[in-house]
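Worksheet for the structure shown next.
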Amino acid sequence: MPELPEAERARALIADRALGRRITGVEDGDSYVCRPHAPGELAGALLGRRLTSANRIGKMLWLETDGAGPDLGLHLGMAGRIAIDEPPHALWDRFVLTFADGGRLALRDKRRLGRAVLAPDLARLGPDAALATRAEFRARVGRGGGAIKARLMDQGVIAGVGNLLADEILWQARIDPRRAANDLSEAELDALRRAVRAAIRHAIRNGGAHSGALIAHRERDGRCPRCGAPLSRARIGGRTTYWCPDEQRTAGD
DNA sequence: AGCATTGTTTCACA
DNA sequence: TTGTGAAACAATGC
């Protein structure tokens, strides 16, 4: 499920339900999810502490604790979610904090591409996709000769946009995903930024990146929700991409 | 059986 | 230097 909207929901859930509770147990035995840490390393850093804040840039979450310990970074990967005070799932709870009050916070992940890591490296992320200023967005997203869709999904450029959101955003902005990033006019980049913000807001409100209008149609009837034209499909930026060949502009204004 | 997948990283290659 | 495609990672669903 996870793109920025899902990560934001997870952050809000943690902020609402997990802060202030004392950590009395840490299950960090999944050495793939907790890589590069050895089993027990996260426990050593977290036991006895309380979570004091839940933060996010793009898809990356990090939790601060009281005392001087490192932050706890959490990433939902391809299929993860945060489960708080839910009955344990023996198979899919890949990393778990248990609290003094008997409750628990689990990184529940069917696949195992989620991550729990100490002192996450945030320096490699661009500004959060919903917070980038207009000037930042123009400068960062509008650079380079690669496809605009690949640019939008590059977490080092702006953080938070994944495959579904990228298709939805470009469809909303009526821009062809194959356009070179540096071919977009400033007006188009500004429109793109507005579409990014709108799509994220909409997805957070409506339950996730899955709630986009284009997404619902892409494999349902394969037609553009606005004009009914058959959607095009191709691999762009390494991911399957859908767009409307009639409405999404191939060339600048 | 085979293929695809809301993510990230690394590597070969142009 | 920049960009791209593929593979690896893991596990599930169609």
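- Between A/Arg178 and A/Asp176, at least one side-chain nitrogen of the basic residue sits less than 4.0 Å from a carboxylate oxygen of the acidic one, meeting the salt-bridge criterion.
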Identify all pairs in which a protein N or O lies below 3.5 Å from an N or O of nucleotides 7-9 of chain C, and state each distance.
none

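- Under the 3.5 Å distance criterion, the side-chain polar atoms of A/His37 are matched with a main-chain donor or acceptor of A/Leu118.
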message: Show, in sequence, the C-alpha distance, side-chain angles and deciding distance for A/Arg104 and A/Asp85, and conclude whether the salt bridge (Lys or Arg N to Asp or Glu O under 4.0 Å) test is met.
response: CA-CA 5 Å; A/Arg104 65 203 300 281; A/Asp85 298 333; over 6 Å; no
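- Taking a cutoff of 4.0 Å between a charged side-chain nitrogen and a carboxylate oxygen, A/Arg94 and A/Glu27 do not qualify as a salt bridge.
- Of the possible donor and acceptor atoms, one in the side chain of A/Asn206 sits under 3.5 Å from a partner among the backbone N and O of A/His202.
- Contacts between residues 170-177 of chain A and DNA chain B, counted as heavy-atom distances below 4.0 Å, involve no residue at all.
- In this model, a side-chain donor or acceptor of A/Arg111 finds a partner on the base of C/dA11 within 3.5 Å.
- Cation-pi check for A/Arg134 over A/Phe137 is not met; the charged atom does not lie both under 6.0 angstrom from the ring centroid and within 45 degrees of its normal.
- The phosphate of C/dA10 (OP1 or OP2) has no side-chain N or O of A/Lys110 nearer than 4.0 angstrom.
- In this structure, A/Arg233 forms no cation-pi arrangement with A/Trp243, as its terminal cationic atom is not both closer than 6.0 Å to the ring centre and no more than 45° off the ring axis.
- Scanning all heavy atoms of the two residues, the minimum distance from A/Ser53 to A/Asn55 falls at OG-ND2, 3.0 Å.
- Between A/Leu74 atom CG and B/dG7 atom C1' the separation is 15 Å, expressed in whole Å.
- When each of A/Arg197, A/Arg11, A/Arg56 is paired with A/Asp128, the salt bridge (Lys or Arg N to Asp or Glu O under 4.0 Å) condition holds for A/Arg56 and for no other.
- Nearest heavy-atom pair across A/Val26 and A/Leu46 is CG2-CB, 4.1 Å.
- Of the listed residues (A/Arg174, A/Arg179, A/Arg193, A/Arg138), just one forms a side-chain hydrogen bond (donor to acceptor under 3.5 Å, both in side chains) with A/Glu188, and that residue is A/Arg179.
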Got a list of protein N/O to nucleotides 12-14 of chain B N/O distances below 3.5 Å?
none

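- Between A/Asp167 and A/Lys149 a salt bridge is recorded (basic side-chain N to carboxylate O distance below 4.0 Å).
- Taken residue by residue, residues 141-164 of chain A places heavy atoms nearer than 4.0 Å to DNA chain C at A/Gly144, A/Gly145, A/Gly146, A/Ala147.
- No engagement by A/Arg108 is indicated, since no non-hydrogen atom pair under 4.0 Å with the nucleic acid exists.
- Contact check on A/Glu6 versus A/Arg81 returns no salt bridge, with no Lys/Arg side-chain nitrogen under 4.0 Å from an Asp/Glu carboxylate oxygen.
- The backbone N or O of A/Ala43 lies less than 3.5 Å from a partner atom in the side chain of A/Asp28, making a donor-acceptor pair.
- Within residues 232-242 of chain A, the residues approached by DNA chain B to less than 4.0 Å at the level of any non-hydrogen atom are A/Arg235, A/Arg239, A/Thr240, in residue-number order.
- Phosphate contact (OP1/OP2 of C/dA11, side-chain N/O of A/Arg112, threshold under 4.0 Å): present.
- Among the duplex regions that DNA chain B forms, those built from at least three successive Watson-Crick or G-U pairs under 3.5 Å are B:2-5 with C:11-14, B:7-14 with C:2-9, ordered by first number.
- Checking side-chain atoms of A/Arg151 against main-chain N and O of A/Ile148 turns up no donor-acceptor pair under 3.5 Å.
- One atom, CZ of A/Arg56, and another, C1' of B/dG7, lie 16 Å apart when rounded to the nearest Å.
- A salt bridge is defined here as a Lys NZ or Arg NE, NH1 or NH2 lying under 4.0 Å from an Asp or Glu carboxylate O, and A/Glu247 with A/Arg226 meets this definition.
- With rounding to whole Å, A/Arg115 atom CZ is found 12 Å from B/dG7 atom C1'.
- The main-chain N or O of A/Glu168 is never found under 3.5 Å from a side-chain atom of A/Gln172 such that the two would form a donor-acceptor pair.
- A donor-acceptor pair under 3.5 Å is formed between the side chain of A/Asn182 and the backbone N or O of A/Gly144.
- When atom types are taken as modelled, the side chain of A/Arg49 and the backbone of A/Ala45 share a donor-acceptor pair closer than 3.5 angstrom.
- A sub-4.0 Å separation between OP1 or OP2 of C/dA11 and a side-chain N or O of A/Trp92 is absent.
- Note: CG (A/Leu76) to P (C/dA10) measures 19 Å, nearest angstrom.
- Taking 4.0 angstrom as the limit, A/His75 places a side-chain polar atom (N or O) nearer than this to OP1 or OP2 of B/dT8.
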